[in-house]
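See structure below.
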2 protein chains.
Amino acid sequence: MSKFDEIMKRSGYSKATVSRVINHSPYVSDEARQIITDIMKQLNYIPNRNAVSLSTGQTKQIGIVTSTTGEIILTFMNQFIDTAMDFGFQTIIYTSRGDPEIELQAFEDLRSKRVDGLVIIACVNDPRKLKAYMEYGPIVSWQRMGNDEIPSVAMDQAEGYKLALEHLFSRGYTRIANAFGRAESLNTQSRREAFESFMKSRRLHVWTEAYQYSVFSSSDGEEAMRRMAEGPELPQAVLCSNDYAAIGILSEARRRNIQVPEQLAIVGFDDIELSRVLGITTIHNPIAEQSTQAFHQLWAVLGKTELKTEQLTYQLIERDTT
Amino acid sequence: MSKFDEIMKRSGYSKATVSRVINHSPYVSDEARQIITDIMKQLNYIPNRNAVSLSTGQTKQIGIVTSTTGEIILTFMNQFIDTAMDFGFQTIIYTSRGDPEIELQAFEDLRSKRVDGLVIIACVNDPRKLKAYMEYGPIVSWQRMGNDEIPSVAMDQAEGYKLALEHLFSRGYTRIANAFGRAESLNTQSRREAFESFMKSRRLHVWTEAYQYSVFSSSDGEEAMRRMAEGPELPQAVLCSNDYAAIGILSEARRRNIQVPEQLAIVGFDDIELSRVLGITTIHNPIAEQSTQAFHQLWAVLGKTELKTEQLTYQLIERDTT
DNA sequence: TTGTAAGCGTTATCAC
DNA sequence: GTGATAACGCTTACAA
């Protein structure tokens with residue numbers, strides 16, 4: 001006999017009343033509540049979550065889909081886990097390592113009611129395929145996905161990029177190189193456009209020969225610095241796809257005795273912990289806030305509440321590399 | 001009507017037979033299997049995991065309890081997630097951030113049958129309190145906990161330390177400093193003993209004045225290096241509690257123009273990615289393997305199978321800092 | 001090889 | 001306020 005039944009028996013009350021006490025329903029006499037609560041304590045009772053989930057159709061679990069983990073993603077995840085917990089939700093992590101099959105597991109779990117909703121940090125399956133799962137529960141993505149088939153909390157990185165450009169310009173740097181990420185990504189496109197329109201509006205030379213692509217990690221950054229140093233002309237400043245790239249560029253520049261920022265200014269992106277330690281000027285990316293928004297967006301449909309979003313903004317963090 | 005019922009109806013078979021097909025029971029005629037499988041496909045059927053869990057008493061979910069996340073812990077977690085997945089288990093992460101209440105949630109989840117088992121990476125509650133939860137499901141810890149109240153897959157770090165010592169000794173370094181972690185931790189104790197007995201056996205001076213404690217992060221390492229440099233006598237070599245500490249010591253040494261390894265040799269611990277990039281000699285810690293062992297230990301009781309453990313060993317990784 | 005029926009532990013909808 | 005009773009969707013003896 002389950003503990004639930006035991007409570008019924010001992011208290012003399014029915015299933016329904018016991019359930020009401022468990023769920024803090026107001027329609028219970030103080031006496032009944034007292035008696036039942038006591039017995040529950042006595043029995044060290046805790047409800048079986050599977051039974052509750054089966055009955056209510058809610059698991060109070062949300063999945064996070066990602067292919068890899070690193071500091072930036074961790075920032076997003078940790079914040080999400082915290083926010084979710086405040087609302088009584090647990091977070092379960094699906095790391096696909098780039099395998100579409102494994103990734104799909106997360107979506108099948110939404111279908112099989114193992115999770116109530118899903119957050120996509122990075123995914124490898126075709127967005128159109130994933131879109132089909134939206135009928136089984138709310139899904140929200142961090143980054144913009146394809147043609148907005150799936151809602152996202154993405155910000156336009158061009159805004160951040162402009163901040164960096166204005167800063168460099170005000171400091172007198174005009175010969176500016178760019179270390180971009182994936183050439184075809186929406187973010188890169190957006191940044192490139194921002195750069196070009198800014199430079200043109202100031203009647204400055206758009207130095208497309210100094211565009212570098214696929215600069216993600218610090219070793220990519222080192223590599224990028226090498227190419228710049230061995231090129232015909234050193235730029236006065238570099239804008240980086242992220243802080244890791246900036247770290248690589250900075251350390252390789254030091255190795256080559258290039259003075260930063262006198263000979264070369266460096267601006268990172270994201271504002272990770274390490275860039276604070278190393279004194280790298282960067283653009284603060286409100287990742288934690290985006291994460292919170294992601295949860296709120298799910299919660300709006302799960303809890304049938306209003307969604308209130310506030311506009312988030314990037315911020316320039318001036319440090320020693322400019 | 002649920003899809004399950006729909007399948008019953010359409011196929012004309014009973015609940016039991018449908019269930020048998022779902023679970024690949026051999027006691028089904030080919031015909032029945034065929035018909036039912038077809039209808040399942042047609043209906044795009046997937047079992048409700050809550051119902052399955054309620055019925056079987058198994059969730060196929062395992063929780064990982066940790067207070068923080070970082071590269072080392074991530075290594076352990078990622079490997080665990082992979083291994084678990086191979087056995088059809090999902091992993092759910094509980095990050096307590098040092099809050100005992102939040103941490104306890106994970107254990108309550110074991111009790112409420114949300115997870116089948118638990119792995120402890122780092123915890124803040126009293127081991128004796130946690131031990132009480134072992135009656136609800138298997139629990140295994142990465143590090144040794146208290147008086148072995150909870151089983152662990154820990155290794156004796158002294159073994160790794162000896163490797164480092166022998167290496168330094170063979171290279172002729174005898175004036176050796178130690179940058180330990182938490183002064184009272186079992187690991188530190190174990191390392192200190194290993195150090196002292198090694199030195200004594202070689203009739204070398206045990207330089208206790210050069211013991212430094214609470215050196216965890218790279219900035220702790222920088223701090224430690226500062227103290228060493230400002231001390232009366234520079235050691236010939238430093239043994240570090242982990243690679244981060246080694247990184248800090250290395251970078252601060254460079255800043256002070258102390259030649260590594262000519263004036264100062266450095267040995268890290270764990271063998272993280274960054275120490276490979278930076279060329280730091282270190283002791284390889286088989287973290288992924290310990291993680292796998294942790295799962296196997298849980299699986300032994302969940303799957304009622306034999307537990308086969310192989311002895312893991314540390315390994316010296318010689319690089320540029322010695 | 002198949003079916004019947006009794007769980008699994010809750011919640012939810014009625015009446016009273 | 002309280003209590004029957006029917007879901008929730010699936011597994012598993014036990015029979016046949």
Side-chain angles (χ1 to χ4, degrees), chain A residues 1-37 39-40 43-61 88 108-116 136-137, chain B residues 1-37 39-40 43-61 88 108-116 136-137:
Chain A
M1 189 171 49
S2 72
K3 283 196 181 168
F4 190 103
D5 291 332
E6 180 74 24
I7 297 171
M8 277 177 60
K9 275 262 172 64
R10 293 208 198 171
S11 68
Y13 285 97
S14 70
K15 261 179 158 57
T17 301
V18 172
S19 178
R20 286 188 191 101
V21 171
I22 293 171
N23 296 290
H24 305 101
S25 156
Y27 308 115
V28 186
S29 66
D30 287 349
E31 194 196 347
R33 192 185 308 283
Q34 192 57 55
I35 294 176
I36 292 174
T37 307
I39 300 178
M40 275 170 28
L43 256 39
N44 195 17
Y45 170 78
I46 191 172
N48 179 314
R49 298 265 250 137
N50 298 310
V52 176
S53 291
L54 177 59
S55 194
T56 60
Q58 288 232 311
T59 56
K60 292 286 194 173
Q61 289 195 151
E108 288 295 308
D109 272 11
L110 182 62
R111 209 152 80 81
S112 65
K113 304 215 180 299
R114 164 112 302 178
V115 294
D116 295 337
Y136 302 108
Chain B
M1 188 171 50
S2 71
K3 284 196 182 168
F4 190 104
D5 291 333
E6 181 74 24
I7 296 171
M8 277 177 63
K9 275 264 172 62
R10 292 209 200 171
S11 68
Y13 284 96
S14 70
K15 258 181 159 57
T17 300
V18 171
S19 176
R20 288 187 190 104
V21 171
I22 293 170
N23 296 291
H24 305 101
S25 156
Y27 308 116
V28 186
S29 66
D30 289 350
E31 195 195 349
R33 190 184 309 282
Q34 191 58 53
I35 295 175
I36 292 173
T37 309
I39 299 177
M40 275 171 26
L43 257 39
N44 194 19
Y45 171 78
I46 191 171
N48 180 314
R49 298 264 250 138
N50 298 310
V52 175
S53 290
L54 176 58
S55 195
T56 60
Q58 288 233 308
T59 56
K60 292 287 194 173
Q61 288 195 152
E108 289 295 305
D109 273 11
L110 182 62
R111 207 151 82 81
S112 65
K113 304 218 179 297
R114 164 112 303 178
V115 294
D116 295 337
Y136 303 107

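Just so it is clear, the values below take in all heavy atoms, side chains as well, and ignore hydrogens, waters and symmetry mates. In what follows, every chain begins at residue 1, and chains take the letters A, B, ... in the order their sequences are listed.
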Handout entry: Residue closer to the 5' end of DNA chain C, A:S19 versus B:T17 (nearest nucleotide)
Key = B:T17
Completion exercise
Of B:K15 and A:K15, the one whose nearest nucleotide on DNA chain C sits closer to the 5' end is B:K15
Does [X] make a side-chain N or O approach to OP1 or OP2 of [N] shorter than 4.0 Å?
X	N	result
B:Y13	C:dG3	no
A:N50	C:dG9	no
A:S29	D:dT2	yes
A:Y27	C:dT13	no

Could you tell me how far apart [X] ([atom1]) and [N] ([atom2]) are, to the nearest whole angstrom?
X	N	atom1	atom2	answer
B:H24	D:dT11	NE2	C1'	16 Å
A:R49	C:dG9	CZ	P	16 Å
B:L54	D:dA7	CG	P	17 Å
A:N48	C:dG7	CG	C1'	13 Å
B:K60	D:dT11	NZ	P	13 Å
B:N23	D:dG9	CG	P	17 Å
B:F4	D:dA7	CZ	C1'	16 Å
B:Q58	D:dT12	CD	P	10 Å

Exercise for the section: With heavy atoms under 4.0 Å as the rule, sort A:D5 into base, sugar-phosphate or nothing. Expected result: nothing
Exercise for the section: Remember a base hit wins even if backbone is also touched, and classify A:I46 as base, sugar-phosphate or nothing at under 4.0 Å, heavy atoms. Expected result: sugar-phosphate
Exercise for the section: Please report the closest heavy-atom contact between A:R33 and A:V21, naming both atoms and the distance. Expected result: CA-CG2, 4.0 Å
Problem - Taking every non-hydrogen atom, the tightest pair across A:P47 and A:V52 - result: CB-CG2, 4.3 Å
Handout entry: Carboxylate-amine/guanidinium proximity below 4.0 Å for B:E6 and B:K9
Key = no
Problem - Under 3.5 Å donor-acceptor, A:N23 side chain and A:S25 backbone - result: no
Problem - Candidates D:dA4, D:dG9, C:dG3 - which lies nearest the side chain of A:A16 - result: D:dA4
Practice task
Measure from the side chain of A:S14, starting at C-beta and using heavy atoms only, and say which of D:dC10, D:dG3, C:dG9 lies closest.
Solution key: D:dG3
Problem - B:R20 (side chain) and C:dG3 (base): donor-acceptor pair under 3.5 Å - result: yes
Problem - Donor-acceptor pair (no angle test) under 3.5 Å: B:S55 side chain, C:dG7 base - result: yes
Practice task
For the residue pair B:R49 and A:S53, confirm or rule out a side-chain donor-acceptor distance under 3.5 Å.
Solution key: no
Practice task
Identify, between B:K3 and A:V28, the residue whose nearest nucleotide on DNA chain D lies closer to the 5' end.
Solution key: A:V28
Problem - Neighbour count above 12 (heavy atom, 6.0 Å) for B:N44 CG - result: yes
